[in-house]
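Lettering follows sequence order; numbering is per chain, from 1.
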Amino acid sequence: MDIVNEVLQKAAREAEKFKPITVDKHLEVQLDVGNLLAFDTNEVDLRKLRSDSNEYLKELTRDNTQLLLNKVWELPTAYVEDTIVAEMPKPTYVLPRSLPVPKAKELTKWEKFAKEKGIVKTKKSKLTWDEALKKWVPRYGYRKAAAEKEKDWVIEVPGNADPMEDQFDKKRKVKRENVAKNELQRMRNIAAAHKVKVPRVGMLPAAKVTSKDISRAVTIAKASTASGGKFQAQLPKEKTAKDVKDVMPVAPYKKRKPLISKAQERKSNIEIVDRILYKKPKLDMEAAVNKELYRQDAERAEEKKTQKPKAGKGGKKRGGKRGKGGKGARVKGKNGGAGRKRR
Amino acid sequence: MPVLQRIKKPTTRRGKRILLSKEPQVIEHTKKTFFVKGKKQGELGSTILKDIHKLKRPDAVILSQKNDILPFDDATFFERHGQKRDANLFWFASHNKKRPNNLVIGRLYNYQLLDMMELGVEKYTSLEEFKIEKIDMGVKPCLVFNGEIWGESPEYERLKNLLVDLFHREPAKAIRLQGIEHVMSFTAKDGMIYLRSYKILLKKSGQRTPRVELEEIGPSADMKLRRSKLASDGLFKTACKQPKALLIKKKKNITKDGLGTTHGRIHIPKQEVEKLQTRKMKGLKKTNAERKEERAALKKRRADAAVSDDASSSKRLRSAS
């Protein structure tokens, strides 16, 4: 028993040497170990604060720091380069960001299309073998233009082309057009991503022009005056194109009808009513004949279809499993005679 | 209709990299602080800025010029310089008759002003005056807030958030235990805010966890909250929004018991016993007659199906005509 007492006493003496690491608080101190924060919502003692503020604040802070560090020392530790490192949990106290949350990048028109169709970009080699030059040439970029220049020192004039036309100039122009088109499309994609309207471009030149295009161009051109086409002369039977709204610079001017007298208005109204009430269907002879012919044709075809299965009992099915050669004469032979006699 | 300006692509790799780094990131880099002097800031103002700059290095910069600005009338100066320097936190010191020893602290969100608070310094003891060995640069401090008002008044709540933002440095994944050597305390009582800064001394306690003792290293300040300009709750909420990529998804069907063993629950579809291949034996093989019978049955079934199909189709045709 003596030994036990002795050990206990010794332990007590040892413990007396150290100050405690426990702290008593009326309300629990909120801790965010991930950020090393401690929020103590206990009331501050005003009397102590006034009498000896520095000492009191130090004591208060010491207690709260002790509580925080007690938690930190409980964290799982690891050895990194001869030092003990505690792994911090995720911070719980939320602080505002400095910039908004990044948004997913808007897809370009092509990317959207490719995604819909399931087109996957394939990786291409940077260099390609040029048969004419007999060497590896970059697909694009640095040294591509030089290689192209080396290769195309002479261009054959195509058979149907104007012999006086500068083929080099033509090539350059095509290239420039392509670059401009690409840039326009890039801008359109950016505008779509920012949800901004793009200024309308009107009619663009096309290689092939139809009469419809011309009519559209005329309508747009006439509306492209400062007054929106108010003072433009009309041809006697001129028609305005209909599908031009998206390329029009402004809404076209519509002529207002002049004021009319009471009697005139009454007359026109009666005309409208008459037109509706005594409406007679128009008879288009040609269309009617065509329709009838088609109906008869269809009827005949139907009859043929429905009658066919009656002719032979499951005739179609019988030929099913036999080989392709089984149709024709052989089938007949098997049904009826003994076949070709061989002598 | 807003007309889109022509957007030029960056021509160099370096330019591209810079533009990319300025775009919003999922994990943001540490917020930088810039210190601005007013038209007159007095000796006290400039010492405060210098002291806090020392604590905040290397993520801080002092603008050397004096600036005749009134932050609560026009905060565009901070927005402009914040964008220019890619810094989001600012300190501004000024001194005049109406508001002596004035300190304005604030932060930006998306290069726009978010919060701004004005503090009047009544008593200040600088870092220099404490003749004590200071802490290392870049140490992550412990922040202690004392006083019931920090959790009660919305203004003080926001001030607390701002102070944490100003002093906490970057969030750390791991921390060296011996490297926790700085604590800053903010005590609020009776309209006063007491800022104190201590060095942590870790003493033996006879246990694994050490006993904490503190030693004041400065700066220390007694301040009064003057004016404040706070972000609306809506704006503050959007500013606090975290990207989805950072949210931790709960892992389903994985549990851990008290002993630290991981248990997983697996779902297996119903077993098809009929299709199970057992051991092949001659005795279990089908005889020729059996096989023939089976084939005949199959044929019959198919023929029946075809007839019924045929009948239904012809009916459909008749009804159409």
>> For chain A, which candidate among B:Ser220, B:Pro141, B:Ala174 shows the most heavy-atom pairs at distances under 4.5 Å?
In response: B:Ala174
> Crowded around B:Leu20 CG? As in, over 12 foreign heavy atoms under 6.0 Å?
Replying inline: yes
>> Below 4.5 Å, heavy-atom pairs only: which of B:Asp190, B:Leu162, B:Leu108, B:Leu202 has the largest tally toward chain A?
In response: B:Asp190
> Is a salt bridge present between A:Lys58 and B:Glu216, judged by a nitrogen-to-oxygen distance below 4.0 Å?
Replying inline: no
> Taking atom OG1 of A:Thr61 and atom OH of B:Tyr194, what is their separation to the nearest 0.5 Å?
Replying inline: 13.0 Å
> Which residues, numbered in order, of residues 27-36 of chain A come under 4.5 angstrom of chain B by heavy-atom distance?
Replying inline: A:Gly34, A:Asn35, A:Leu36
> At a heavy-atom separation under 4.5 Å, does A:Lys103 approach chain B through its side chain, its backbone, both, or neither?
Replying inline: neither
> Top residue by heavy-atom pair count (under 4.5 Å) with chain A, among B:Gln25, B:Glu23, B:Gln178, B:Glu152?
Replying inline: B:Gln25
> Given a strict heavy-atom distance threshold of 4.5 Å, which part of A:Leu49 is in contact with chain B: side chain, backbone, both, or neither?
Replying inline: side chain
> Out of A:Leu57, A:Asn64, A:Leu37, which one pairs with B:Val144 under the side-chain contact (heavy atoms from CB on, under 4.5 Å) rule?
Replying inline: A:Asn64
> B:Phe236 versus chain A, heavy atoms under 4.5 Å apart: side chain, backbone, both or neither?
Replying inline: side chain
> By a 4.5 Å heavy-atom criterion (distance strictly below it), what part of B:Tyr109 contacts chain A: side chain, backbone, both, or neither?
Replying inline: both
>> Name the residue from A:Val72, A:Val85, A:Leu75, A:Leu69 that meets the side-chain contact (heavy atoms from CB on, under 4.5 Å) definition with B:Leu177.
In response: A:Val72
> Out of B:Lys203, B:Met184, B:Gln112, B:Gln207, which one racks up the most heavy-atom pairs below 4.5 Å with chain A?
Replying inline: B:Gln207
>> With heavy-atom distances below 4.5 Å as the criterion, would you say the side chains of B:Ser185 and A:Thr65 are in contact?
In response: no
>> Nearest 0.5 angstrom please: B:Arg196 CZ to A:Ser53 OG, how far?
In response: 5.5 Å
>> Can you tell me which of B:Arg107, B:Lys160, B:Gln242 forms the most heavy-atom pairs within a distance under 4.5 Å of chain A?
In response: B:Lys160
>> So for atom NZ, which belongs to B:Lys229, do other residues, nucleotides or ligands contribute more than 12 heavy atoms lying within a distance under 6.0 Å?
In response: yes
>> Which atoms of A:Pro100 are under 4.5 Å from chain B, going by heavy atoms: the side chain, the backbone, both sets, or neither?
In response: both
